Novice: 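Questions regarding the structure given below will be posed in turn.
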There are 2 protein chains.
Amino acid sequence: MQITILGGGGFLGRKLANRLAKDGSLGGQAITGLTLFDLASPPAPEARFPVRCIGGDVADPAAVAAAIPAGTAVVFHLAAVVSAAAEADFDLGIKVNLHGTLAVLQACRALGTRPRVVFTSSVASFGGGQDAVVPDDGRQLPTNSYGAQKAIGELLLQDATRKGFLDAVNIRLPTVMVRPGRPNKAASSFVSAIIREPLLGLSTDCPVPPEFAVWICSPRSAMEWFLHAATMDTAALGADRGINPPGRSATVGKMLGALEAVAGPAARAKVGFVFDREVYDIVAGWPAAFAATRARRLGFAEQESLEDLVRAFIEDDLAATRAERGL
Amino acid sequence: MQITILGGGGFLGRKLANRLAKDGSLGGQAITGLTLFDLASPPAPEARFPVRCIGGDVADPAAVAAAIPAGTAVVFHLAAVVSAAAEADFDLGIKVNLHGTLAVLQACRALGTRPRVVFTSSVASFGGGQDAVVPDDGRQLPTNSYGAQKAIGELLLQDATRKGFLDAVNIRLPTVMVRPGRPNKAASSFVSAIIREPLLGLSTDCPVPPEFAVWICSPRSAMEWFLHAATMDTAALGADRGINPPGRSATVGKMLGALEAVAGPAARAKVGFVFDREVYDIVAGWPAAFAATRARRLGFAEQESLEDLVRAFIEDDLAATRAERGL
Ligand SMILES: NC(=O)c1ccc[n+]([C@@H]2O[C@H](COP(=O)([O-])OP(=O)(O)OC[C@H]3O[C@@H](n4cnc5c(N)ncnc54)[C@H](O)[C@@H]3O)[C@@H](O)[C@H]2O)c1
Ligand SMILES: NC(=O)c1ccc[n+]([C@@H]2O[C@H](COP(=O)([O-])OP(=O)(O)OC[C@H]3O[C@@H](n4cnc5c(N)ncnc54)[C@H](O)[C@@H]3O)[C@@H](O)[C@H]2O)c1
């Protein structure tokens, strides 16, 4: 089985590549080749199968076609310009998030073999804000360009599925925490920073108040969902290729409570509150809770507790983050 | 006030151009210029103001920019590849309906004056089929490429509105009947044909059974809605730029009843029933009824009765259709 990860050099792309390398198989089938594609050629994990690493632009149809060779059974399409960056540069968001997804569609279609496409959409494709509990058939009324572009990507891949060009599962990821490394250009960057920075011994400012709620998941859950989406029987999805996976609704206060429970009050004391209007205006539009009944029925795994999530970050990523940042 | 109609040579584009020429003003402001843009340069109506007619492709950014000159206050974006055509040629649909709408967005944005954009989306952007009564916040789960592309156009223009590039009203038009002229490439072509062809003395086959229901409106209603969308205070819309206007749910049987009431049993007898799977598969996915409560509250006019609609066609379009088709 040949697999491609677009955005294979990013946070989740790397974790996925490592996971596939470790497992050596997907859905009971041996992996025979993995292509990792990102703006800069991504690092290759140690693996029993060949790993090709390619640098290129997902908005370039020829580059994407080269990254999805004949015989590719599964494409994970993770390449994206994230929320605050797409908000700051509208044209860049359109280019990567819209034209990029069109290029992925056409490359998959050209194979003629109907590959599975796992597309990472986002909670940001919904509006509703703090008070919303999004039902499984809730509509996407995004309040930011990134979310609009993700909703557009879903529509494209869903229609391409109906046409028989490919076989898409569009996962609307919650905010994934704890993200290793440095703060990034996602408006939700603070959700990881308030756990990661204190664990590194650093202070950080939270741009929203403690009672602010976020729909979150862990990288471990995201991996379970990606693998399930890649291998599930998609007949159960019918025409509706959008999945609201079973994340968890958590306030900033609860997250800090988990931090304190795992790492003590000194860690928690590293987090101050400095309101940031620009960040707030983006994230306040995102719904903080979902029903996620359909995804549970379809076999998407339940999210672990906040404390387990903090422990998982310490186990999986803290040392590497420390090293990366020279701490 | 300067106005542009993209798709100004089509069924509704021509009617709109004629209406603006007749009125001479829009929302109490004198019209100072009208640009009509279509693949082939559209015919100019008699008017008190200058009318520019341009041929070009809406997917060509330079052509669209030329059609939306500085000073344009209102753009009606009606240019589209319609349902059966977009289903038959996926790439053409993407080109015109997606890239075309992107070109419109960028041309309006380049003006820097936030023009009003009235975009004709469609009932086909919804799924649900015969049993659905779409609520005002119903989600768009299209079952055809045309509908997916319309939903994408809405997302683009809605986001561009939020960004302050333009000021969009996205009207999800019902199936407009009675369409003059010849049958066209819309899957819903039969909805007009079963009234128009008998009134021309011609026989026609209806591809769906008499109990099949359709969400319809008249061209007269569509014009009222276009003018209202062009002049209304859009602050009342908030972030949600989609309008489900108050059309009417009617079965084919009811439509034929109206035909008989206006034109007698001989007219009705011209309609036979020959099931067509391809047409049925497209239109059966479209919802046959909408709540349309929000649009009514926002001042969108009520649809006239089916009999009035048939009479309006006779009054407005029958003679011209007869002439056009040499009957
Ligand atoms: N991490 C989250 O909280 C979260 C939440 C919701 C959705 N998502 C989505 O999940 C996916 C992965 O997220 P992530 O956290 O790993 O993001 P990330 O930014 O770490 O990874 C995205 C990758 O895409 C690459 N990329 C950007 N532009 C590109 C281009 N033009 N050509 C090729 N590659 C390009 C980036 O270089 C980056 O490596 C993204 O699609 C993101 O939108 C993430
Ligand atoms: N008539 C209906 O029942 C109905 C229902 C729902 C939505 N709509 C929408 O309303 C709008 C007007 O509908 P209509 O019935 O007048 O359709 P129409 O087909 O008569 O008019 C559309 C016009 O767009 C033009 N066009 C197509 N491709 C183009 C291109 N590449 N560049 C420039 N122009 C191009 C066509 O030449 C045509 O004149 C369309 O957007 C349609 O999708 C119509």
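Owing to the predicted nature of the structure, the values given are computational and were not obtained by experimental measurement. Proteins get letters first, then strands, A, B, ... in listed order; numbering begins at 1 in each.
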Novice: Identify which part of A/R241 has an atom lying under 4.5 Å from any heavy atom of chain B, answering side chain, backbone, both or neither.
Specialist: neither
Novice: Among residues 95-106 of chain B, which residues come closer than 4.5 Å to chain A, judged by heavy atom distances?
Specialist: B/L98, B/H99, B/L102, B/L105, B/Q106
Novice: How close do A/L155 and B/A151 get, heavy atom to heavy atom, and via which atoms?
Specialist: CD1-CB, 3.8 Å
Novice: Quick one: are B/D137 and A/L141 in side-chain contact, heavy atoms under 4.5 Å?
Specialist: no
Novice: Could you work out, with side chain to side chain donor-acceptor pair (under 3.5 Å) as the rule, every residue matching B/R139, not counting sequence neighbours?
Specialist: A/D240
Novice: If the condition is side chain to side chain contact (heavy atoms under 4.5 Å, CB included), which residues does B/P246 pass it with, not counting sequence neighbours?
Specialist: B/W225, B/A292, B/A295, B/R296, B/F300, B/E302
Novice: Between B/S145 and A/D159, what is the shortest heavy-atom contact and its length?
Specialist: OG-OD2, 2.5 Å
Novice: Hey, could you give me the CD1/CD1 distance between B/I152 and A/I152, rounded to the nearest 0.5 Å?
Specialist: 6.0 Å
Novice: Strictly distance-based, threshold 3.5 Å: is any side-chain N or O of B/K163 a donor or acceptor partner for the main-chain N or O of A/E87?
Specialist: yes
Novice: The criterion is side chain to side chain contact (heavy atoms under 4.5 Å, CB included); which residues satisfy it with A/T113, sequence neighbours excluded?
Specialist: A/L111, A/P115
Novice: Could you check A/D91 against B/R109 for side-chain contact (heavy atoms from CB on, under 4.5 Å), going step by step and ending with a plain yes or no?
Specialist: CA-CA 12 Å; A/D91 290 319; B/R109 176 189 185 192; 2.8 Å; yes
